[in-house]
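The chain is numbered in sequence order, starting from 1.
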Amino acid sequence: MSCIHYKFSSKLEYNTVTFDGLHITLTELKKQIMARERLKATDCDLQITNAQTREEYLDDEVHIPKHSSVIVRRTPIGGVKPAGRTFIVDRSETAVMGSSRPVCKTISKTLILSHLTHSIISSSFLLLGQFYRTSC
């Protein structure tokens with residue numbers, strides 16, 4: 001009996017899938033992991049990555065050699081959308097008078113100034129407290 005050691009990226013311990021032969025196809029490995037973990041193929045897909053080389057297996061017919069260790073991640077059926085931030089930008093004249101700058105930049109500058117003002121006030125009270133203690 002041959003085996004593949006797998007673990008989900010969020011887990012600490014490896015589990016084992018057994019099979020006959022020297023290798024297993026990616027499709028068959030996914031089927032066995034989904035059956036073992038009681039996952040439905042209609043809910044998610046699995047992203048399989050070699051644990052040592054960090055190479056992601058993309059071709060469903062690729063042969064994974066026995067005694068390999070892999071990292072498994074659940075992904076949505078449609079694939080993973082690229083990570084990125086979403087900003088709502090209002091470029092109307094009422095939001096920023098006559099300027100083509102997005103509102104999110106104005107908000108971020110306001111936030112930075114707010115944090116800066118807060119830290120200046122906090123450090124002023126800290127200095128006043130130290131001054132008061134040393135003068136008495």
message = Quick one, I64 and Y57 - any side-chain contact, counting heavy atoms below 4.5 Å?
response = yes
ask   = Would I4 and I71 show up in the same hydrophobic cluster when neighbours are defined by side-chain heavy atoms closer than 4.5 Å?
value = no
query = At their closest point, which heavy atom of S2 faces which heavy atom of K66, and how far apart are they?
reply = OG-CD, 3.3 Å
query = Heavy-atom distance under 4.5 Å between the side chains of C3 and H67, does that happen here?
reply = yes
Which pairs would a plain distance check flag for residues 17-31, meaning a side-chain donor or acceptor within less than 3.5 Å of a matching protein atom at least two apart in sequence or in another chain?
unit_1, atom_1, unit_2, atom_2, d
H23, ND1, H63, ND1, 2.9
T25, OG1, E28, N, 3.2
T27, OG1, D60, O, 3.0
K30, NZ, L46, O, 3.2

request  = State whether the side chain of R36 and the backbone N or O of T16 hold a donor-acceptor pair below 3.5 Å, judged by distance alone.
outcome  = yes
key: Step-by-step side-chain contact (heavy atoms from CB on, under 4.5 Å) determination, Y14 to S69   = CA-CA 8 Å; Y14 280 87; S69 297; 4.0 Å; yes
key: Non-hydrogen side-chain atoms of E13 and K7 separated by less than 4.5 Å   = no
query = So, do N15 and H5 sit near enough that their side-chain heavy atoms are less than 4.5 Å apart?
reply = no
message = As an exercise, state the distance from SG of C44 to CG of L39, rounded to the nearest 0.5 Å.
response = 5.0 Å
remark   = Between S9 and R73 the two heavy atoms that sit nearest each other are OG-CG, 3.5 Å
message = Would you say that Y6 contacts E37 through its side chain, given a criterion of any heavy-atom pair below 4.5 Å between the two side chains?
response = yes
